[in-house]
Protein chains: 2
Amino acid sequence: MTREPPRRRATIKDVAKAAGVSAMTVSNVLNGRLQFVSPATKKRVEREIERLGYRRQANARSLRVAEQRSIGMVIVDESPAFLADFFTCQVVAGLANVLNSADFTLTVQGMRGDQLSSSMIMRNFEVAGFCAMIAGPDMERHQSIQKLVELDQPLVVFQEPFESAGGDLCIVRQDDRGGGQLIGDHLLARRVTDFLAIIPAQVWPAIEMRLAGLRESLAANGGVARLTVITSKSESFADVQEVVAQHLATHPLPGAIVGANDPIATAAMLYLFDHDVRVPEDVRIVGFNGFEAHRYARPRLTTVDSAAYALGERAGKAMLERLESGRFESAEYVLPVHFDAGATT
Amino acid sequence: MTREPPRRRATIKDVAKAAGVSAMTVSNVLNGRLQFVSPATKKRVEREIERLGYRRQANARSLRVAEQRSIGMVIVDESPAFLADFFTCQVVAGLANVLNSADFTLTVQGMRGDQLSSSMIMRNFEVAGFCAMIAGPDMERHQSIQKLVELDQPLVVFQEPFESAGGDLCIVRQDDRGGGQLIGDHLLARRVTDFLAIIPAQVWPAIEMRLAGLRESLAANGGVARLTVITSKSESFADVQEVVAQHLATHPLPGAIVGANDPIATAAMLYLFDHDVRVPEDVRIVGFNGFEAHRYARPRLTTVDSAAYALGERAGKAMLERLESGRFESAEYVLPVHFDAGATT
DNA sequence: CTGAAAGCGCTTACAG
DNA sequence: CTGAAAGCGCTTACAG
C-alpha cells in the first residue's frame, strides 16, 4: 500500500537550468522554433532533455494553447464487447493509423446509448473532435448524434444513412444500399423469386440500408419477387442456426438466403449442408463484408466487399482537414462497395 | 478557410457567476464533495452547468491534480494496419471496456518499432500508464520494452514470454507454450511422426512460444517425431497457399500441419482439398485461436482457444489496481488456453 | 537574441 | 459554510 516515492518529474524549468538557458528557449527547441535558437544551444538543450528524461506535460501545453492533440472515438453499442466487432475494429484501425501519422492520438470510449451523457469523454473537454459509430434504432441513434452535435465540436459519424443536418458534422459511410441492390439484381438475374433475409437483433443502420437496397432491386423488377426477413438473436453461429431451423420448420426452402453479413450467411449455409440442402443448386446464398476470415468457407461465399478500413482512413483525413481549415470539405463521403461473386450463387 | 468564430467555451467561473456562487463551490459539485454544498446550491449549479453546456477542461484538472485519467495503448508492429489484427483488436476491446467502466479513457497509438521514441505518446507525458503489444524479434522487442520502462510509469506488456525484470512492469499473457504442448500431445497420440508448422514472417513472441511448446512435446516423446517449420510472407490466404505449394513440391506430405493460427491452418487445409488430399485421413491439421470466424470452415478445425478479450480485461484490472495501490499485485498473469478438438485431427 | 511575467482553467489549503 | 489566492507546467506577447 506504499505510494510511489515523490520523485518529481523533470519540468521545462529543470531542463532550462541544467542547460543554462531560459525556459523560453527550451520551449522554442521543443516546438521547433529554431529561428530563435542557435544550433549550439539547441544541442545543449536536447542533451539535457535526454539526460533528464524530460517529457512535455501535454496537459499544460494543451491548456495554454487551447488545442487538443487527440480525437475521441465513441462507440455506442449494447454489447459490452463493443470494439470486438470486426467491422468496427477495422474502422478504428484505419482511423488510428491516419491520426497517429499526423501526431494525433485516438481516445477510444465505448458505451451503451444511455451512458453517453454521463461518460467522461462527453462531460469533459479533452479532445479536438469526435468520431462516432452508433448502433441502434433511428430514434435512439439520433438522440445520441444530437447529444454529440450539442458539444459544438467537429464530429464525424460513421455509417449513418441520414443527411447531415448541417452543423459541424460529416458523415462517412459506404454504399450499403447499393450493395443490397447489387445482391438483388444478381439473384433476380438467376430467376430467384423467393428471398429470405437474416438480420441480427441489434439494429445497425448499415444493415437496414442493405435491406432497403435489396427491396428496391426487387421492386424495380416488378415486385413479383417476395422477401421475408427473420431476426437472429445475435450473429453467433448457434443463434443463426436456431432461427433458420425455426423458420424452415414451417416454411418451404427459399430461392435465396441473404445474410446481413458473412458470419450470418455462412452459418445459414452450414445449417443447410447439415440438412442435405445443396448450395447453390437448391438455395443460393449471399453474405456481406468480404473480410478475409470468411474467404475460407467452401464453397466460397458470394458477398459484397466492405471498405471498413478505408472508412476509418477517410474519416481521419476528413477530421484533420476540418481542424486545419475550420470546416469539413464535404458533408458526406460515400465509399463504394464491390460485388464479389463466389460459388454460392 | 474562415476560422471558427471565437465563441468562448464556458469555464467554471462562468458557471459560478451564473449560479451566484464561487468557483470553488462549482468545483465541489463537479467532484462530488457534497459535504461542503447544500442541496439547493447543488441543484442551482447543476442547472447552470446544463444550461451553459459547461464541460470541464480535463487538461486543467489533470495539470492541477497531477493525475491522468487515460491509459496509453501502444501497438508496435510493422504493418500499417496494426490494429486490424483480430487478436490485437480483441485485446484492445477487453482493455477499453474495463478502463471505460472505471472512467478511464484508452489512448491508442500504433507504430513501427523505430518510431517509438519519436511518438507523441512517448515524448509527451499524458497518460497514467502504458499497455503495450509488441511484435518483432527478441532484440527489437526488448529495446522497445526498455524504452517504455525508462518512462518510469506503470507498464503492462501483453504476450511477452520473458520474465519481468522487476520495475513497474506487469506481463499479461496466455499459456501459448502449453497450447503448443497440447497440440503436440494430441497429434503424437494419433501416431503422427512428421510435423509441418507454418508461421508468418512477422515475428510474434506468442507464436514462438506455441512452437516451443510443440517442440517440448515432441522431445518428451523421445524425439522420434520430426518437425519442419516453414515461413509464409503473411497470414493471407494467397501467401500461405504459395508457401505450402512450394514446400510440398519437393517434400512428401507430412503427417500433420500445425498452423501458427487458424487462418494459416485453414488456408493450408483448403490447399490440400484442392489437391485431393483428405483431412484428417491423409494429413491432420491444427490451428490456434479458435475465434468465432474460423468455426465456419468445414470440417471444423481442431484448434486451441485463445483468451484475447480476457487478456485485455486482465490487463485493465491490473493497471487499475496498480494505480490504486501503488504497485502491481502480481508481476505476471498467465491465462489458460483450451484445446478445442474439431474434425481435422 | 534573451528574460521576466502573465495567464490558460482548474483545485485546494488557508483565512474569514 | 464561503471566498480570495496560489500554483500546476507550459507558451507567448512584451520589454530589454
Side-chain angles (χ1 to χ4, degrees), chain A residues 4 6-45 48-49 52-70 120 123-128 153, chain B residues 4 6-45 48-49 52-70 120 123-128 153:
Chain A
E4 287 285 83
R7 180 144 65 88
R8 208 171 52 82
R9 193 167 292 278
T11 72
I12 205 172
K13 283 187 190 173
D14 299 324
V15 175
K17 189 185 291 182
V21 298
S22 74
M24 178 195 165
T25 302
V26 177
S27 178
N28 283 334
V29 171
L30 287 172
N31 295 299
R33 269 185 283 278
L34 298 180
Q35 65 271 34
F36 298 143
V37 36
S38 67
T41 307
K42 174 165 179 286
K43 271 274 167 298
R44 202 142 31 91
V45 168
E48 291 306 321
I49 286 176
L52 297 172
Y54 169 78
R55 292 189 295 150
R56 180 165 59 187
Q57 269 267 20
N59 290 314
R61 171 174 222 278
S62 288
L63 177 60
R64 185 58 178 83
V65 303
E67 176 195 289
Q68 319 288 331
R69 293 300 291 188
S70 187
M120 286 291 277
R123 282 204 330 250
N124 285 342
F125 177 74
E126 49 187 334
V127 294
Q153 293 195 261
Chain B
E4 286 285 84
R7 179 145 66 90
R8 207 171 54 79
R9 190 167 292 281
T11 71
I12 204 171
K13 282 186 189 173
D14 299 324
V15 176
K17 190 185 289 181
V21 298
S22 73
M24 178 195 166
T25 302
V26 178
S27 177
N28 282 335
V29 171
L30 287 171
N31 296 298
R33 266 186 285 277
L34 299 180
Q35 65 270 35
F36 298 142
V37 37
S38 68
T41 307
K42 175 166 179 283
K43 271 276 168 296
R44 202 143 29 90
V45 169
E48 292 306 321
I49 286 176
L52 296 173
Y54 169 78
R55 292 189 293 149
R56 181 165 59 189
Q57 268 268 18
N59 290 313
R61 171 174 222 277
S62 288
L63 177 60
R64 184 58 177 82
V65 303
E67 175 195 287
Q68 320 287 330
R69 293 299 291 188
S70 186
M120 286 291 277
R123 281 205 330 252
N124 285 342
F125 178 74
E126 49 189 334
V127 294
Q153 293 194 263

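In the text below, chain A, chain B and the rest are named by the order of the sequence lines, each starting its count at 1. Just the heavy atoms: all of them, side chains too, but no hydrogens, waters or symmetry mates, feed the values below. As the structure is a computational prediction, the values presented were derived from the model and not from experiment.
- Taking CD from A:Q57 and CD1 from A:I12, the interatomic distance works out to 11.5 Å, rounded to the nearest 0.5 Å.
- Between the P atom of D:dT2 and the CG atom of B:L34 lies a distance of 13 Å, rounded to the nearest Å.
- D:dC8 atom P lies 12 Å from atom CD of A:Q57, rounded to whole Å.
- Applying the 4.0 Å criterion to OP1 and OP2 of C:dT11, one finds that B:N31 has a side-chain N or O inside that range.
- In this model, the phosphate group of C:dT11 is approached by a side-chain N or O of B:R56 to a distance below 4.0 Å at OP1 or OP2.
- For the pair A:S27 and D:dT11, the criterion of a side-chain N or O lying under 4.0 Å from OP1 or OP2 is met.
- Between B:R64 atom CZ and D:dC10 atom P the separation is 16 Å, expressed in whole Å.
- In this entry the distance linking CZ of B:R9 with C1' of C:dC10 reads 15 Å, nearest Å.
- Nucleic acid contact class of B:N28 (heavy atoms, under 4.0 Å, all strands): none.
- Side chain of A:I12, nearest nucleotide from D:dC10, C:dG3, C:dG9: D:dC10.
- What separates CE of B:M24 from P of C:dA15 is a distance of 14 Å, to the nearest Å.
- Atom NZ in A:K42 sits about 15 Å away from atom P in C:dT2, given to the nearest Å.
- Base pairing of D:dG16: its partner is C:dC1, meeting the Watson-Crick or G-U wobble criterion (both donor-acceptor distances under 3.5 Å).
- B:R61 comes within contact range of the sugar-phosphate backbone alone, with a heavy-atom separation under 4.0 Å but no base atom that close.
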Open item on the list: side chain to side chain contact (heavy atoms under 4.5 Å, CB included) for B:R44 and B:V29? Distances and angles first, verdict last.
Closed with: CA-CA 10 Å; B:R44 202 143 29 90; B:V29 171; over 6 Å; no

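- For the pair B:R69 CZ and C:dC10 P, the computed distance is 17 Å after rounding to whole Å.
- As rounded to whole Å, 21 Å separates atom P of D:dG7 from atom CD of B:E67.
- Side-chain polar atoms of A:R69 and B:N124 form no donor-acceptor pair below 3.5 angstrom.
- Of all heavy-atom pairs between B:R9 and B:D14, the closest is O-OD2, 4.0 Å.
- Listed candidates were D:dT11, C:dG3, C:dT12. Nearest to the side chain of B:V65 is C:dT12.
- Heavy-atom distances to DNA chain D give each of A:N59 and B:T25 a nearest nucleotide, and the one nearer the 5′ end belongs to B:T25.
- B:F125 comes within contact range of no nucleotide atom at all, as no heavy-atom separation falls under 4.0 Å.
- Here the CD atom belonging to B:E126 is positioned 9.0 Å from the CG atom belonging to B:N59, to the nearest 0.5 angstrom.
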